[in-house]
Structure formats: C-alpha cells, structure tokens
**Q** 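Dropping the structure in here first, questions after.
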Amino acid sequence: MSKSEFHRADERRFLDERGSSGPLAPNGLNPATIMEKAVRERIIDSYFYKEQCFGVNEADIVDRVVEHVDFIGGVYGTVQKPSPFLCLAFKLLQLAPSDDILNEYLQFGGEKFKYLRALALFYIRLTRKDQDVYKTLEPFLEDRRKLRRKGRNGTSLTYMDVFVDDLLTKDRVCATSLWKMRKRDILEDLDILEPRVSPLGNIEDLLEEEDEAMRKAEEEQNSNGSESEGEVRSRTRSRSRTPRSRSRSTSYSRSRSPVTRRRSRTRSRSRTPEDRNGRERMDIDGPE
C-alpha cells in the first residue's frame with residue numbers, strides 16, 4: 001500500500017467511525033463532516049498533510065504550529081492550496097482534544113505562539129456549544145497582536161481581536177462554513193449568559209462622551225472661525241486704506257512740486273533786476 005493510499009484509508013476510517021458510531025462534538029455535530037467534502041479532499045491530497053499531519057498527537061500539534069504556521073487562512077493561491085493552518089484544524093477534528101488541552105493551547109501556549117491560540121479558537125468555534133463559544137472567545141477580544149491572513153486575493157494584515165470577532169459574527173471563516181449560533185441577546189434573555197461588560201466601559205456613556213466632545217470641538221471651531229474672520233476683515237481694511245493714503249500723498253506731492261518750482265523760478269527771475277538796481281543805489285548813496 002502506498003503512502004497516499006494509507007492516508008486515504010486513515011481518512012476513510014475517521015469518516016466511518018465518527019460518522020456512524022463515533023462520539024459527536026459537544027455541539028452535536030459530526031466532526032468528520034464539519035468541513036465541506038471538497039475542502040477535505042484537498043486537505044488529504046496536500047503535501048503538508050501527508051508529511052506533517054499523519055500520526056501526530058496533541059503535543060505534536062504545538063510543534064507543527066511553531067515550525068510551519070505563520071499565517072491564518074483556508075485555501076490560497078490560484079490552485080486553492082489548503083493552508084497548514086487549515087490542515088492542522090482538520091487534524092484536531094480527528095484528535096478531538098479535551099478542554100484541558102485546549103486551555104493549554106489558549107493560555108500558556110497562546111501567550112508565546114499566537115497562531116496556536118488562533119488555531120484553538122477556530123477549533124472551539126467549530127465544535128463547542130454557543131454559550132461556551134461566547135465565554136471562551138470573548139476574553140480574547142482584548143488580544144491586539146498582529147496576524148497574517150492569506151487567501152485567494154493574496155496576503156493581508158489582520159489582528160487577533162478581528163479574527164475572534166469574525167468567528168463570532170461571520171458565517172464563513174478560513175474556507176469553512178460555521179454552524180449558526182444563537183445570538184448573544186437571545187442567550188441573555190434566556191438567562192444562559194450574563195450581559196457582557198466591555199473593558200472600555202458602558203457603551204452608552206462612551207457615546208454620550210463622544211457627542212459632548214464633538215459639540216465642544218464644533219463650538220471651538222466656530223469661535224475660532226469668527227475671530228479669524230474679524231481679524232481678516234480688519235487686516236484687509238487696513239491694507240486697503242494704506243495704499244490709498246500713500247497714493248494720495250505721492251500724487252499730491254507730485255502734482256504740486258512742478259508748480260512750486262515754476263513759481264519760485266518766476267519770482268526769482270522777476271525780482272533779480274530790481275534788487276540789483278536797489279543795491280547799486282545803496283552802494284552809490286552809501287559813500288556820500
């Protein structure tokens with residue numbers, strides 16, 4: 001039997017045992033059929049699953065994540081190749097780890113290896129009940145670490161809290177259709193869940209504070225705008241007056257300077273002969 005046929009036999013055994021008499025997931029779903037058949041076929045035929053996911057246990061999952069997982073996603077590229085993240089998630093469906101192991105993935109391992117935490121959160125969303133999903137995933141909305149996401153359109157940047165929010169709100173994540181959970185409001189009305197307290201505080205109070213801050217900012221802008229308009233008007237008036245006064249003074253001096261010069265010249269010409277005769281007479285009468 002070749003290696004690929006051995007993997008096929010192992011996958012067939014998993015489908016037969018879990019599909020007929022094997023235990024179901026805590027949410028009542030068959031773990032062998034949670035992922036679509038086309039996705040399962042691509043995972044089984046992928047090189048990564050054949051080389052890295054056969055014969056591993058819960059402890060080996062940590063090593064595989066640390067060594068091979070550096071992005072989240074389902075299928076990527078033009079050939080829609082399944083990601084190592086998705087292959088390991090399918091392997092977890094086969095292993096069905098306990099809650100204690102998942103807590104180790106989330107807490108101790110998740111603090112050091114963020115993709116191990118993301119894998120455990122994805123698996124919990126696929127297999128646990130809705131109230132357990134909310135209780136387990138919501139605390140990690142405060143995780144702000146960056147994650148790489150790779151899909152059909154290429155690689156993009158996301159964050160852990162965004163990934164958790166997608167798991168809680170969207171219907172399809174990482175090429176996998178998520179089972180429909182009841183909304184949190186319904187669970188609160190049924191007294192299954194307590195109202196969630198945001199670490200930021202009450203949302204209504206935050207909205208009121210934002211409204212007040214916006215109003216104050218608008219009032220300041222309006223006051224500053226009115227003052228600036230008054231200053232601009234005064235400046236324009238002063239600027240409009242100064243050139244006129246200068247033009248008047250220059251025109252006045254220019255208009256009068258030639259006339260005064262002509263008058264002074266005419267006066268000097270008209271008075272010079274008489275002054276000369278008078279001076280001559282004074283000189284003549286003086287010695288006598």
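Quantities reported herein were computed from a predicted structural model and do not represent experimental measurements.
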**Q** Heavy atoms, side chains only, cut-off 4.5 Å: are T158 and L147 in contact?
**A** yes
**Q** With rounding to the nearest 0.5 Å, note down the distance linking CE in M181 to OG1 in T169.
**A**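 Answer for the CE-OG1 pair, M181 versus T169, is 9.0 Å.
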**Q** For R152 and G77, indicate whether the former's side chain and the latter's backbone hold a donor-acceptor pair under 3.5 Å.
**A** no
**Q** Is any side-chain heavy atom of D165 less than 4.5 Å from a side-chain heavy atom of K170?
**A**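 Of all side-chain heavy-atom pairs linking K170 with D165, none is under 4.5 Å.
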**Q** Does N222 use its side chain to pair, donor to acceptor, with the backbone of E218 at less than 3.5 Å?
**A**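 Checking the backbone N and O of E218 against the side chain of N222, a donor-acceptor pair under 3.5 Å is found.
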**Q** Mark yes or no for whether T176, through its side chain, and C174, through its backbone, hold a donor-acceptor pair below 3.5 Å.
**A**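 Pair found, side chain donor or acceptor close to backbone of C174.
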**Q** Can you confirm if the aromatic rings of Y105 and Y123 lie within a centre distance of less than 6.0 Å?
**A** no
**Q** Checking the side chain of R125 only, and the main-chain atoms of L137 only, is there a donor and an acceptor separated by less than 3.5 Å?
**A** no
**Q** Can you classify the ring geometry of F71 versus Y76 as parallel (below 30°), tilted (30 to 60°) or perpendicular (above 60°)?
**A** perpendicular
**Q** Side-chain donor-acceptor pair under 3.5 Å between S177 and R172, yes or no?
**A** yes
**Q** For the side chain of T33 and the backbone of N30, is there at least one donor-acceptor N/O pair under 3.5 Å apart?
**A** yes
**Q** Does D60 reach the main-chain N or O of N57 with its side chain, forming a donor-acceptor pair under 3.5 Å?
**A**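 A pair under 3.5 Å: yes.
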**Q** Can any side-chain N or O of R182 pair as donor or acceptor with the backbone N or O of Q131 at less than 3.5 Å?
**A**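 Side chain of R182 to backbone of Q131: no pair is present.
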**Q** Do V69 and Y159 sit in one hydrophobic cluster, given that two such residues count as connected whenever their side-chain heavy atoms are within less than 4.5 Å of each other, even indirectly?
**A** no
**Q** Nearest 0.5 Å, please: how far is SG in C87 from CZ in R64?
**A** 12.5 Å
**Q** Are the side chain of S83 and the backbone of G74 linked by a donor-acceptor contact shorter than 3.5 Å?
**A**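 Yes, S83 side chain to G74 backbone: donor-acceptor pair under 3.5 Å.
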**Q** Do you know which two heavy atoms are closest between K129 and P26, and how far apart they sit?
**A** CE-O, 3.3 Å
**Q** Please check this pair: side chain of R196 against backbone of E194, looking for a donor-acceptor N/O pair closer than 3.5 Å.
**A** no
